[in-house]
There are 2 protein chains.
Amino acid sequence: MNRTRPQSRIQARNSAAILDAALQVFSQQGFRGATLDQIADVAGLSKPNLLYYFASKEAIHQALLGQLLHIWLDPLRAIDATGDPVAELLAYMRRKLQLSREYPRESRLFANEILQGAPRIEAAIKGELKALVDAKAAIIRDWVAAGKIAAVHPHHLIFSIWALTQHYADFDVQVRLVLGGEAVDPYPEAQTYLETLFRKLLAP
Amino acid sequence: MNRTRPQSRIQARNSAAILDAALQVFSQQGFRGATLDQIADVAGLSKPNLLYYFASKEAIHQALLGQLLHIWLDPLRAIDATGDPVAELLAYMRRKLQLSREYPRESRLFANEILQGAPRIEAAIKGELKALVDAKAAIIRDWVAAGKIAAVHPHHLIFSIWALTQHYADFDVQVRLVLGGEAVDPYPEAQTYLETLFRKLLAP
DNA sequence: ATTTTGTTTGACCAAATGGTCAATCGGACG
DNA sequence: CGTCCGATTGACCATTTGGTCAAACAAAAT
């Protein structure tokens with residue numbers, strides 16, 4: 001397997017199939033609970049063939065976590081200090097909710113990793129993520145100081161956006177079971193509810 | 001092992017040690033990721049000795065989930081239709097936050113179970129939990145109709161209380177890493193923040 | 001057509017895992 | 001003291017698991 005040279009069609013297809021299968025299995029079972037046999041099965045490949053494309057179970061997991069961080073941090077990065085404060089924060093919440101809807105498996109993979117004590121992602125959290133959060137928290141603090149939004153604790157505001165949006169991906173099963181019929185899509189009402197919540201919270 | 005007859009001191013002590021150890025391991029690794037050897041190790045017992053007290057890995061997990069539901073539902077049950085609406089809901093949030101602080105492992109055990117698709121707790125969610133949530137949602141709907149709190153979607157209000165409070169237990173590692181120093185206790189600020197949030201959201 | 005390079009797999013391995021069991025230990029009690 | 005019964009464990013077992021490897025297969029490249 002050569003990762004520097006551009007991948008052939010067959011490499012691209014199989015790597016993608018493996019990562020997709022692994023995402024499915026890891027996000028549901030966690031790292032230790034997942035097995036290469038399950039992943040191989042879902043991917044439609046033999047176990048030795050998996051290991052032809054990835055050096056180990058660890059390597060597959062690492063590849064997924066790597067991808068994940070991009071997807072995860074982009075919406076936060078997009079918060080613009082020069083934009084309208086309430087609009088910026090609401091837009092961030094909406095992007096994050098959209099992520100939960102479109103990438104629930106990624107959200108659960110992340111949740112699993114954190115639940116396990118973040119052994120394989122601690123560095124990124126302490127480094128990249130913390131730096132970005134601190135930067136955006138500073139912006140929020142300025143907005144508060146300028147009286148453009150109500151006085152809120154910046155870090156906890158960000159945590160609350162994470163908690164409220166990721167809940168719909170991570171606890172999807174529970175949300176749907178409690179709401180009743182399987183056909184229910186909780187997202188439209190969730191978005192309305194969260195917009196109200198944050199508008200009232202942030203109104204200066 | 002005889003569960004009908006009152007346990008001897010030694011039985012009580014060892015069962016408790018096993019359940020405590022199992023809670024630790026299951027909540028971090030999930031059901032599949034946990035091993036009897038780990039649990040035995042943490043409990044300070046031999047593996048065969050574990051299986052003298054519990055019939056199987058499954059049985060230990062079941063025992064934990066059973067306990068869990070009580071602890072989990074009581075604060076919700078305590079919401080009083082005749083009390084002051086905002087005070088009742090704030091008190092519920094506070095009790096739930098307290099639970100996250102005092103029983104973070106239980107919270108993570110629950111989170112793990114839901115992430116895995118709730119295979120061993122689906123019935124309880126569809127039954128007991130859903131019934132209780134629906135009952136309390138009806139109370140909230142009445143409060144809204146009576147103009148005692150702002151118009152909010154009752155189920156999503158409850159979800160938001162769960163999401164916001166459980167986040168501090170389930171994502172504890174992340175919260176502490178992002179906030180910085182290890183010595184930080186995020187709960188006091190979290191409580192202040194959440195009180196503000198829900199007061200503003202619910203104000204009629 | 002043949003070589004070369006990349007892809008796939010059956011067979012295999014050592015370690016880990018859930019679970020069993022006969023044998024032993026230890027304390028309470030006659 | 002000896003008996004009894006609950007508590008404990010070393011040895012063991014079948015299966016699962018992450019990983020290896022040589023051999024077979026396929027697809028380009030010559």
Side-chain angles (χ1 to χ4, degrees), chain A residues 1-65 109 112-113 116 119-120, chain B residues 1-65 112 116 119-120:
Chain A
M1 184 189 48
N2 191 336
R3 216 144 283 290
T4 59
R5 192 175 321 203
Q7 296 185 336
S8 70
R9 256 136 284 139
I10 216 165
Q11 277 178 336
R13 175 167 50 81
N14 284 346
S15 295
I18 291 168
L19 288 175
D20 189 75
L23 177 58
Q24 176 109 350
V25 177
F26 279 135
S27 69
Q28 215 193 323
Q29 308 281 359
F31 181 77
R32 290 221 51 201
T35 73
L36 289 179
D37 287 292
Q38 286 176 80
I39 298 172
D41 208 47
V42 174
L45 299 171
S46 66
K47 185 169 60 171
N49 206 5
L50 278 203
L51 295 163
Y52 172 71
Y53 289 98
F54 291 89
S56 65
K57 187 183 175 183
E58 274 278 347
I60 302 177
H61 197 250
Q62 286 291 352
L64 284 175
L65 287 184
L109 179 71
N112 252 307
E113 176 65 12
Q116 282 156 35
R120 305 158 213 277
Chain B
M1 183 188 49
N2 192 332
R3 214 144 283 288
T4 61
R5 194 175 317 202
Q7 296 184 338
S8 72
R9 254 138 288 135
I10 216 166
Q11 277 178 335
R13 175 169 48 82
N14 283 347
S15 295
I18 291 167
L19 288 175
D20 190 74
L23 177 58
Q24 177 109 352
V25 178
F26 280 134
S27 70
Q28 216 194 322
Q29 307 281 0
F31 181 77
R32 291 221 50 203
T35 73
L36 288 179
D37 287 291
Q38 285 177 79
I39 297 172
D41 207 48
V42 174
L45 298 171
S46 66
K47 185 169 60 170
N49 207 5
L50 278 204
L51 294 163
Y52 173 72
Y53 289 98
F54 291 89
S56 64
K57 188 183 174 183
E58 273 279 345
I60 303 176
H61 197 250
Q62 284 292 352
L64 284 175
L65 287 184
N112 251 308
Q116 281 156 36
R120 305 156 212 276

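Protein chains get the first letters and strands the later ones, always in sequence-line order, with residue 1 at the start of each.
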Task: Euclidean distance, atom CG of residue A:Leu50 to atom C1' of D:dC21 [Å, nearest integer] - done: 16 Å
Task: Heavy-atom check, side chain of B:Ile60 versus side chain of B:Leu36, under 4.5 Å - done: yes
Task: B:Leu51 side chain, from C-beta outward: closest of D:dG6, C:dT20, D:dT20 - done: C:dT20
Open item on the list: With a cut-off of less than 4.0 Å, is there a side-chain N or O of B:Tyr52 near OP1 or OP2 of D:dT8?
Closed with: no
Task: Whole-Å gap separating P (D:dT16) and NZ (A:Lys57) - done: 16 Å
TODO: Sequence neighbours left out, what passes salt bridge (charged side-chain N to carboxylate O under 4.0 Å, His left out) with B:Lys57? Give chain and number order.
DONE: none
Open item on the list: I want to check one thing: is the phosphate of D:dG6, taken as OP1 and OP2, less than 4.0 Å away from some side-chain N or O of B:Asn14?
Closed with: no
- [ ] Please report the shortest heavy-atom distance between B:Gln38 and B:Gly33, naming the atom on each side.
- [x] NE2-O, 3.6 Å
Enumerate, atom names and distances included, each donor-acceptor pair closer than 3.5 Å involving a side-chain atom of residues 22-31 of chain A, sequence neighbours excluded.
{"unit_1": "A:Gln24", "atom_1": "OE1", "unit_2": "A:Arg105", "atom_2": "NH1", "d": "3.2"}
{"unit_1": "A:Ser27", "atom_1": "OG", "unit_2": "A:Leu23", "atom_2": "O", "d": "2.8"}
{"unit_1": "A:Ser27", "atom_1": "OG", "unit_2": "A:Gln24", "atom_2": "O", "d": "3.1"}
{"unit_1": "A:Gln28", "atom_1": "NE2", "unit_2": "B:Gln116", "atom_2": "O", "d": "3.0"}

Open item on the list: I'd like to check the side-chain contact (heavy atoms from CB on, under 4.5 Å) partners of B:Ala17; sequence neighbours left out, ordered by chain and number.
Closed with: none
Open item on the list: I need the minimum non-hydrogen distance between B:Ala63 and B:Phe54, along with the two atoms involved.
Closed with: CB-CE2, 4.1 Å
Open item on the list: Whether A:Gln11 contacts C:dT7 is assessed here as follows: a side-chain N or O lying under 4.0 Å from the phosphate OP1 or OP2. Is that the case?
Closed with: yes
Open item on the list: Near DNA chain D, counting only heavy atoms under 4.0 Å, which residues of residues 26-46 of chain A show up?
Closed with: A:Ala34, A:Thr35, A:Leu36
Open item on the list: Treating primed atoms plus P, OP1 and OP2 as sugar-phosphate and everything else as base, which nucleotides of nucleotides 22-30 of chain D get B, S or - for protein heavy atoms under 4.0 Å?
Closed with: ---------
Open item on the list: I'd like to check the salt bridge (charged side-chain N to carboxylate O under 4.0 Å, His left out) partners of B:Asp41; sequence neighbours left out, ordered by chain and number.
Closed with: none
Open item on the list: Is any side-chain heavy atom of A:Pro119 closer than 4.5 Å to one of A:Glu113?
Closed with: yes
- [ ] Mind checking salt bridge (charged side-chain N to carboxylate O under 4.0 Å, His left out) for A:Arg120 and listing every partner two or more places apart, or none if nothing turns up?
- [x] A:Glu58
Task: Any B:Asn14 side-chain heavy atom under 4.5 Å of B:Tyr52 side chain - done: no
TODO: Name the closest nucleotide to the A:Asn49 side chain, picking from C:dG19, C:dT9, D:dA7.
DONE: C:dT9
Give each protein N/O atom lying under 3.5 Å from an N/O atom of nucleotides 12-15 of chain D, with the pair distance.
none

Open item on the list: I need the minimum non-hydrogen distance between A:Val42 and A:Ala21, along with the two atoms involved.
Closed with: CG1-CB, 3.5 Å
Open item on the list: Between C1' on C:dT17 and CD on B:Glu58, what's the gap in Å once rounded to a whole number?
Closed with: 15 Å
